[in-house]
Amino acid sequence: MSREYKPQVIEKTIQEDWIKNNKFKAMPDDREKFYCLSMFPYPSGKLHMGHVRNYTIGDVISRYKRMNNFNVFQPMGWDAFGLPAENAAIANKVSPKDWTNQNIEHMKEQLISLGLGYDWSKELRTCDPDYYKWEQLIFKKFYEKGLVYRKKSLVNWDPIDETVLANEQVIDGKGWRSGAQVEIKEIDQWFIKITDYAEELLSSLDEVDWPENVKLMQKNWIGKSYGAEIKYRIENSEECLITFSTRPDTIFGVSFIAISPSHPISKNLAKENDSVKKFLAKCKETSSAEADMAKAEKLGISTNINVLHPLTGNKIPVWIGNFVLLDYGTGVVMGVPAHDQRDFEFASKYKLNIEQVITSENTDLPLIQKGKLINSGEFDNMESDEASVKIINKLRDKNLGEELIQFRLRDWGISRQRYWGCPIPVVYENGVPKVIEENKMPVELPELPENSPPIPLSQNNKFRSISENIKRETDTFDTFMDSSWYYARFTSADNNNEIFDNNSKYWLPVDLYIGGIEHAILHLLYSRFFHKALRDMDMLEGNEPFKKLLTQGMVLKDGAKMSKSKGNTVDPQSYIEKYGADTVRLYMMFTAPPEQSLEWSESSVEGASRFIKKVWNLVIEREYEEIAEPKNFSKEEMGLRRKTHSTLKKITNDFETRYSFNTAIAAIMELLNFIPDSFKDIKASDSNKYCLNESIIIILKTLNPIAPHVSEYLWKNFYGNFSHEEIESSWPEINEDLLEVSEFELVIQINGKVRGKKLISKELNQDEIEQEAKTIENVAANLKNKKIKKVIYIKEKIINFVI
RNA sequence: GGGGAUGUGGUGGAACUGGUAGACACGCCAGGUUUAGAACCUGGUGCCGCAAGGCGUGUGGGUUCGACUCCCUCCAUCCCUACCA
């Protein structure tokens, strides 16, 4: 009678046992610590496959580290403020708060049912006043440090709904709900000077163990460029237009200057000039998202203003261009059509001069590369780099320019005109902003009236109006603020008196941070900035928050990202219920390596389940018997022992250095398939059983991080009556002696094509190996009557005869 | 438009440092077991070919004794693009 594998029964009991025994509660001690953090979820309602994948990876690594005697801290919380709660509130007539809290309760149950080993004593949610009071305090400190300021900036405005829209709420230039043509509107907003840290955000990327592609993305995003600030005096005026260019060497090719539609000059012109006014109105029709602006047709209008070229004194026309961003650089661009793609298209369209100032050999314009200057007066024949230096010197002499380092990174706009977010702790006395005192924090988000849709704080008079002269700020923080410091708060989440207590010194930095590649730039950059700013205020230590980063690929179905709008979502819950958490975890880890996208496949889930059942069937009817290590092993026994330990070695390497769980699992499967049937027989010899025991122990232990329930259950069942050793207590040791072999398989090639294979003793030298190789029939036939030009021998691998 | 990735059998993937392409699994085929089915077990399975052999890692080229791996070209798909999180 074999007992049947019923994950629903065993998983629940084991999970309850873990919680009862505080298995995952972490406290500082004298072991080496390992802070493993997975990006906390937005509580959208239920877990999706992306979460399951992310959190399984984190849990597998955490469990592996625990087995290797690390003090592991793995917390979990909720990124609970945000737009979807407001949308749900409108759609379902529930308050954002209730909706969010209900979602959290459900998702927490789901996380537990997946067997994820979190320290729930440090759970946090960003919509909790006990969390965001500290965020308001951080804002105050930033303000006092001069990192916060107010500035006008652009938002997407829906004129019918009279709300600010997020970029994703603008579809083809129309508001998603109202369908109205969205307008770009300029409003006052709070900004954080992340650019003060641009240099360090760039340089300290060298300190972290992150994937190179993510570092590169951050580097390009920060975008440090060396160039010059060049002044163009406006004709008949004392004023100048200041441009930034990375190519001062092309200054003699400037044929127009383009300014942003938001530039004060543009706005002034619009007051008196109807066509400019119409043009600016048209520019307001593109959404403020960079991708939309870049794809929009390049449009411009002449201003009839001229500036004077700083070196030649020639008149240069000033245009307004819809592609010029006021926020980037100086909001003014010098147009060099011959040597810049965008300028070339613009000049061609509006029939502006195209003057080539860098030589080219039969290359079409625009010519982007550097080279030798022409048509540049005294700078002719110089190379670009030299010319740049000399041109800047000359401009400096004339007080019309100087060298400048420019960053692409812009300051961080943190104001949001929404309800479901952390209130910005500011009051205006007669219009003058003042951050409120710490002892008046938190400024709590007011409750909504029963069954009310979310009302923006600006319309909530009770909240807004303190007195005749004193009004509250009604914007809330960007939710990226909430997620920029949660990693640090986790260490002290149960301490209501201090934002970061002594535990933060022990646990930080995060040793491994795991999350989706889609966060490669913004979230990670903002968190890095927060950490540095908090360090400079002596609130945290160290330069970087996340020592190592693992970016996981997306879960796809039918080649596309799972999304509600495409209708291709797969709900993990039904799979957990049908197959059990262990199967879902194993499937997730087996189907693709963490960094790659994972294509969902129903039948592969069956495969994962089948494997677990095979392990179950092997172990469930067995009990450990103590057998003394036999003096001699048969060839077959040695084969199994060698396979067992070489598998263990591979798995250890895959876990330790590659996070390559799919190959580790494949190796366990291979080992299971390798066990001879005769060893499994009840009447097998003691030495057979000894070897089988060894294999079972290693299979269960190496499977434990991935499939913790079934491996623990089988472990207790197998070992329980004999020993109280717990499965998660230690990772098995590799017996290196078993891995030494005296022979290897030599591959024999002729001109790089495989012609034969042979087992060769490691004791032979190259000449002897060559002779051995030539005795192989197929090799000999191919070499017959041929002159061997060259022999290439790669030790214990390949011999290649070149003929 | 810009930035970053990815592309290997019917499918998911493996090949870790330039050295046997296709591990492991899914699917499919054949057989066993079964009254039948499910489940399970055994064997086969890149393509062409009777075979010898040839071809084969998105496309086209290059470097090399040898290329999935390095270089160049083009194509396709995905992510980010500062207010989705």
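Note on naming: letters A, B, ... go to the chains in the order of the sequence lines (proteins, then strands), and numbering restarts at 1 for each one. Quick caveat: nothing in here was measured; it's all calculated off a predicted structure.
- Residues A:Val214 and A:Ile517 are in side-chain contact: their nearest non-hydrogen atoms beyond the backbone lie under 4.5 Å apart.
- Using atom P as the reference point in both B:C71 and B:G58, the two lie 15 Å apart (nearest Å).
- Among the atoms of the strands shown, none is found under 4.0 Å from any heavy atom of A:Lys215.
- In this model, the phosphate group of B:G2 is not approached by any side-chain N or O of A:Asn220 to a distance below 4.0 Å at OP1 or OP2.
- A salt bridge is defined here as a Lys NZ or Arg NE, NH1 or NH2 lying under 4.0 Å from an Asp or Glu carboxylate O, and A:Asp188 with A:Lys152 meets this definition.
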Evaluate A:Glu473 against A:Arg150 for salt bridge (Lys or Arg N to Asp or Glu O under 4.0 Å), listing each step before the verdict. CA-CA 12 Å; A:Glu473 169 63 75; A:Arg150 259 168 103 64; 3.5 Å; yes
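- Taking the six-membered ring for Trp and the full ring otherwise, A:Tyr487 and A:Phe40 have centroids separated by 6.0 Å or more.
- For A:Gln189, whose side chain is taken as the heavy atoms from C-beta onward, the closest listed nucleotide among B:C83, B:A25, B:G12 is B:C83.
- Only the P atoms considered, B:G7 is 14 Å distant from B:C68, to the nearest whole Å.
- Atom CD1 of A:Ile414 and atom C1' of B:C83 are 13 Å apart (whole Å).
- At the phosphate of B:G27, OP1 or OP2 sits under 4.0 Å from a side-chain N or O atom of A:Arg610.
- Distance A:Leu216 CG to B:G2 P: 16 Å, rounded to the nearest Å.
- Looking at A:Lys613 and A:Glu4, no side-chain N of the basic residue comes within less than 4.0 Å of a carboxylate O on the acidic one, giving no salt bridge.
- We find that A:Glu656 and A:Lys650 are not joined by a salt bridge, their nearest charged nitrogen and carboxylate oxygen being 4.0 Å or further apart.
- When distances run from any side-chain atom of A:Ile792 to the nucleotides B:A82, B:G19, B:C80, the shortest one goes to B:G19.
- Between the side chains of A:Asp158 and A:Thr163, no donor-acceptor pair is found at a separation under 3.5 Å.
- Here A:Asn673 reaches the OP1 or OP2 of B:A25: one of its side-chain N or O atoms lies under 4.0 Å away.
- Rounded to whole Å, the P atom of B:G12 lies 15 Å from the corresponding atom of B:G27.
- Within 3.5 Å, a donor on the side chain of A:Gln417 pairs with an acceptor on the base of B:C83, or the reverse.
- When the C1' atom is used for both B:C28 and B:A21, the distance is 22 Å, rounded to whole Å.
- Summary of the strand contacts: A:Val214 and A:Asp478 both lie near RNA chain B, and taking for each the nucleotide with the nearest heavy atom, the more 5' one is attributed to A:Val214.
- Within the 4.5 Å cutoff, side-chain heavy atoms of A:Ser483 are placed close to those of A:His523.
- One finds no side-chain N or O of A:Asn167 lying less than 4.0 angstrom from the OP1 or OP2 phosphate oxygen of B:U81.
- Counting any heavy atom pair closer than 4.0 Å across all strands shown, A:Met554 reaches sugar-phosphate atoms only and no base atom.
- Comparing B:G60 with B:G9, their P atoms are spaced 15 Å from each other, to the whole Å.
- Partner of A:Tyr587 under the ring pair (Phe, Tyr, Trp, His ring centres under 6.0 Å) criterion, chosen from A:Tyr575, A:Phe661, A:Trp600, A:Tyr579: A:Trp600.
- At a cut-off of 3.5 angstrom, the base of B:G1 holds at least one donor-acceptor pair with the side chain of A:Glu290.
- Phosphate contact (OP1/OP2 of B:C65, side-chain N/O of A:Lys790, threshold under 4.0 Å): present.
- For A:Thr479, a side-chain nitrogen or oxygen approaches OP1 or OP2 of B:A85 to under 4.0 Å.
- OP1 or OP2 of B:C83 lies within a sub-4.0 Å distance of a side-chain N or O belonging to A:Arg416.
- A:Pro593 comes within contact range of the sugar-phosphate backbone alone, with a heavy-atom separation under 4.0 Å but no base atom that close.
- Nearest to the side-chain atoms of A:His519 among the listed nucleotides B:A85, B:G13, B:C84 stands B:A85.
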When every nucleotide of nucleotides 29-34 of chain B is labelled 5' to 3' by its protein contacts under 4.0 Å (heavy atoms), B for base, S for sugar-phosphate only, - for none, what sequence of letters results? ------
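- B:C26 atom P lies 13 Å from atom CD1 of A:Ile665, rounded to whole Å.
- Using a 4.0 Å cut-off between a side-chain N of Lys or Arg and a carboxylate O of Asp or Glu, A:Arg610 and A:Glu606 do not qualify as a salt bridge.
- Distance noted for atom C1' between B:U45 and B:C24: 15 Å (whole Å).
- Residue contacts for A:Ala291: at a heavy-atom cut-off of 4.0 Å it reaches a base atom on one of the strands shown.
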Dot-bracket for RNA chain B, 5' to 3', counting Watson-Crick or G-U wobble pairs under 3.5 Å, with [ ] for crossing pairs and | for inter-strand pairs? (((((((..(((......[....)))((((((.......))))))(((....)))..(.(((..]....))).))))))))....
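- For the C1' atom pair drawn from B:A67 and B:G62, the interatomic distance equals 11 Å after rounding to whole Å.
- For the P atoms, the distance linking B:G3 with B:U57 amounts to 29 Å, nearest Å.
- Not less than 6.0 angstrom separates the ring centroid of A:Trp78 from the ring centroid of A:Tyr131.
- Taking the centre of each ring, A:Phe191 and A:Trp412 stay at or above the 6.0 Å mark.
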Test log, rule salt bridge (Lys or Arg N to Asp or Glu O under 4.0 Å), inputs A:Glu772 and A:Lys758: CA-CA 9 Å; A:Glu772 284 284 327; A:Lys758 193 173 191 185; 2.8 Å; yes
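- For A:Lys797, the listed nucleotide lying nearest its side chain is B:G19; candidates were B:A85, B:G19, B:A5.
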Find every protein N or O atom lying less than 3.5 Å from an N or O atom of nucleotides 47-55 of chain B, and list the pairs.
none

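- A salt bridge links A:Glu297 with A:Lys349: the distance from a Lys NZ or Arg NE/NH1/NH2 to an Asp or Glu carboxylate oxygen falls below 4.0 Å.
- Within 90° of 0 lies the glycosidic angle of B:G9, which makes this nucleotide syn.
- As rounded to whole Å, 15 Å separates atom C1' of B:G66 from atom CZ of A:Phe801.
- One interatomic measurement links the two molecules: NZ of A:Lys613 to C1' of B:A38, which rounds to 11 Å at whole-angstrom precision.
- Within the structure, every side-chain polar atom (N or O) of A:Gln596 is placed at least 4.0 Å from both OP1 and OP2 of B:C79.
- Look at CZ on A:Phe590: it is 8 Å from C1' on B:G13, rounded to the nearest Å.
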